[in-house]
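Positions are given from 1 along the sequence.
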Amino acid sequence: MNLSDKNGKITFDSLVSYKRNLKNQIAEQQVKLQESYHQLTAPFSRQATTSSFMGTFAKSVAIFDGLMFGFRMFRKIRNIFRR
């Protein structure tokens with residue numbers, strides 16, 4: 001932005017308008033920065049009911065698999081200490 005007026009002089013009014021424009025640009029940049037930050041850190045959104053059912057099923061299978069693995073490990077450790 002040009003600070004000088006028609007005569008080539010810098011006036012108080014031109015400085016005030018320049019400062020106002022800069023503040024507006026900074027405010028716009030802050031809004032854009034906050035929006036992109038929230039998009040990056042926002043949790044994943046829920047999906048449709050069909051895929052949420054599959055997600056629930058997958059979680060259930062993972063929990064069951066973890067329990068079975070833990071039970072097997074518990075039995076193996078118990079057998080080691082029995083000897």
Output a table of donor-acceptor pairs, distance under 3.5 Å, between side-chain atoms of residues 29-41 and any protein atom two or more places apart or on a different chain; print 'none' if there are none.
| residue | atom | partner | partner atom | Å |
| --- | --- | --- | --- | --- |
| S36 | OG | K32 | O | 3.2 |
| S36 | OG | L33 | O | 2.9 |
| T41 | OG1 | Y37 | O | 2.9 |

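The side chain to side chain contact (heavy atoms under 4.5 Å, CB included) search around V16 returns F12, R20, not counting sequence neighbours. Annotation: side chain to side chain contact (heavy atoms under 4.5 Å, CB included) contacts of M73 (sequence neighbours excluded): F69.
Rounded to the nearest 0.5 angstrom, F64 CZ and L67 CG are separated by 8.0 Å. We find the CZ-CZ distance between R78 and R75 to be 7.5 Å, quoted to the nearest 0.5 Å. Summarising the geometry, atom OG belonging to S60 is positioned 12.5 Å from atom CG belonging to D65; distances are rounded to the nearest 0.5 Å.
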